Amino acid sequence: MPRLPRSFFARPTLTVARELLGQRLVKVERGKRLSGLISEAEAYIGEEDLACHAKAGRTPRTDVMYRKPGSLYVYFTYGMHWMMNIVTEREGFPAAVLLRGMIPDEGIATMRRRRGRRDHLTDGPAKIAEAMGIDKRWNGIDLCDPDSDLFIEPCRPVPDSLVGAAPRVGLGGAPEPWLSQPWNFSITRAGLVKWGQHTSL
DNA sequence: GGCCCGATACTCT
DNA sequence: GAGTATCGGGCCC
């Protein structure tokens, strides 16, 4: 199975976030594939970015952000939700892309079961993690290791005309300019239609 | 569709 | 002890 190589993630985080749109997130469970196309991704870049967890430096939680690109950073928030991020740039520099939206494709019945048969399967970061069965056990795994059961498969590129950039979501009181940086990338609603996808997004 | 709010436990101060 | 890169239910359009 083809998977995006480390060289894809070892680039500027904004580039990686933008280019992750339209790529396929795949998890193999007991030989069965769960997958979806990434529709929204958000960049967090370095200790200077005061919206980034690494603003507090290297701690037990943020340690993975300093590791090699292509590592998975999974963290827990609001007392109940897991979030998936992919580490970017060079080893030693803390940056990552948060996966915020996905168009479900393979294994939808499994995702629906995990999501309690709710309609909105993967239109939010915690929903993706729940539908894909990702929790702390997956923190630190390497998506570029040919043996890992989680990876990004190259798929259809999304043209710029179908992509929007916006401020990042849920940052609350983060100071400027970080609060307003347009570091959230998504396939627009019109773009989703053009893609022929019909989802709850 | 929208707004409001409570749940819930981990992380760092 | 405060804050949190969210979600879903209740309610009202």
Side-chain angles (χ1 to χ4, degrees), chain A residues 9 12-18 20-21 25 36 38-67 69 71-89 93-104 111-141 143 152 164-190 192-193 198-201:
Chain A
F9 303 104
T13 308
L14 295 178
T15 303
V16 176
R18 162 66 183 84
L20 274 172
L21 298 180
L25 173 66
I38 295 168
S39 57
E40 183 180 356
E42 203 163 79
Y44 290 87
I45 312 173
E47 297 177 349
E48 306 304 308
D49 175 4
L50 295 183
C52 179
H53 288 164
K55 67 175 185 278
R58 194 164 187 160
T59 67
R61 177 170 72 155
T62 61
D63 187 71
V64 176
M65 295 189 82
Y66 292 76
R67 298 189 202 164
S71 299
L72 191 74
Y73 168 43
V74 179
Y75 70 89
F76 187 68
T77 193
Y78 289 110
M80 59 192 94
H81 301 301
W82 298 99
M83 311 273 180
M84 306 173 62
N85 304 254
I86 305 176
V87 174
T88 58
E89 312 230 6
F93 182 84
V97 173
L98 171 67
L99 303 183
R100 290 197 65 94
M102 183 178 94
I103 302 163
M111 296 187 205
R112 211 183 298 280
R113 186 168 66 249
R114 289 181 174 149
R115 291 280 301 129
R117 292 188 292 283
R118 285 176 287 251
D119 288 337
H120 293 241
L121 294 180
T122 54
D123 59 340
K127 299 180 197 180
I128 296 176
E130 183 171 39
M132 296 293 279
I134 299 297
D135 60 22
K136 65 180 174 192
R137 298 191 304 263
W138 295 82
N139 189 40
I141 70 150
L143 302 187
I152 307 289
R168 295 172 289 180
V169 177
L171 302 187
E176 296 292 0
W178 315 109
L179 185 60
S180 300
Q181 298 283 21
W183 291 355
N184 171 292
F185 300 91
S186 64
I187 305 178
T188 61
R189 189 164 292 272
L192 289 170
V193 173
H198 211 20
T199 71
S200 54
L201 276 169

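Please read all numbers here as calculations on a predicted model, not as lab measurements. Chain identifiers are assigned alphabetically (A, B, ...) following the order of the sequence lines, protein sequences preceding nucleic acid strands; residue numbering begins at 1 within each chain.
Taken to the nearest 0.5 Å, the OG atom of A:Ser39 stands 7.5 Å off from the CG atom of A:Leu21. Atom CD1 of A:Ile141 is separated from atom CD1 of A:Ile134 by 6.5 Å, given to the nearest 0.5 angstrom.
Counting any heavy atom pair closer than 4.0 Å across all strands shown, A:Met83 reaches sugar-phosphate atoms only and no base atom. Nucleic acid contact class of A:Arg168 (heavy atoms, under 4.0 Å, all strands): none. Using a 4.0 Å heavy-atom distance criterion, A:Ala51 is classed as a base contact. A:Tyr78 comes within contact range of at least one nucleobase, with a heavy-atom separation under 4.0 Å. Across all strands shown, A:Leu98 has heavy atoms under 4.0 Å from base atoms, whether or not it also approaches the sugar-phosphate.
Under a cut-off of 6.0 angstrom, the local environment of CD in A:Glu48 is sparse, with at most 12 non-hydrogen atoms contributed by other residues, nucleotides or ligands.
Residue A:Arg115 places at least one side-chain N or O closer than 4.0 Å to OP1 or OP2 of C:dG8. Taking side-chain N and O atoms only, A:Arg118 has a distance below 4.0 Å to OP1 or OP2 of C:dG8. Phosphate contact (OP1/OP2 of C:dG8, side-chain N/O of A:His120, threshold under 4.0 Å): absent.
When rounded to the nearest whole Å, the span between NE2 of A:His53 and C1' of C:dT6 equals 12 Å. Going from atom NZ of A:Lys127 over to atom C1' of C:dA5 covers 15 Å, rounded to whole Å. Taking atom CG of A:Leu50 as the reference point, atom C1' of C:dT4 lies 16 Å away to the nearest angstrom. At whole-Å resolution of the value, CZ in A:Phe185 and C1' in C:dA5 are 16 Å apart. Atom-to-atom, CG of A:Leu171 to C1' of C:dT6 comes out at 13 Å; the value is rounded to the nearest Å. Distance, A:Ile128 CD1 to C:dC7 C1': 14 Å, rounded to whole Å. When the C1' atom of C:dC7 is taken as reference, atom NE2 of A:His81 falls 4 Å away, rounded to whole Å. A:Glu42 has its CD atom 12 Å from the C1' atom of C:dT6, to the nearest Å.
In the set C:dA5, C:dT6, C:dG8, the nucleotide with an atom closest to the side chain of A:Ala126 is C:dT6. Closest to the A:Pro125 side chain, of the nucleotides C:dG8, C:dC7, C:dA5, is C:dC7.
From the 5' end on, the contacts that DNA chain B makes with chain A at under 4.0 Å to a non-hydrogen atom open and close at B:dA7 to B:dC12.
A distance below 6.0 Å separates the ring centres of A:Tyr75 and A:His53.
Listed here is the closest heavy atom pair of A:Gly172 and A:Leu179: O-CD1, 3.7 Å. The minimum heavy-atom distance linking A:Ala126 with A:Met83 is given by the pair N-SD, 4.0 Å. Looking at every heavy atom in both residues, A:Leu20 comes nearest to A:Ile38 through O-CB, 3.5 Å.
For C:dA5, the base is not stacked against the aromatic ring of A:Tyr75, per a cut-off of 5.5 Å between centres and 30° between planes.
Residues forming a side chain to side chain donor-acceptor pair (under 3.5 Å) with A:Arg61 (at least two apart in sequence, or on another chain): none.
Checked options A:Arg118, A:Arg113, A:Arg112; the residue passing with A:Arg115 is A:Arg118 (criterion: side-chain contact (heavy atoms from CB on, under 4.5 Å)).
Ion pair A:Glu42/A:Arg100 flagged as a salt bridge, since at least one NZ, NE, NH1 or NH2 atom sits closer than 4.0 Å to an Asp/Glu carboxylate oxygen.
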Seminar exercise, completed: Pairing string of DNA chain B (Watson-Crick or G-U wobble, both atom distances under 3.5 Å; | = paired to other strand) is |||||||.||||.
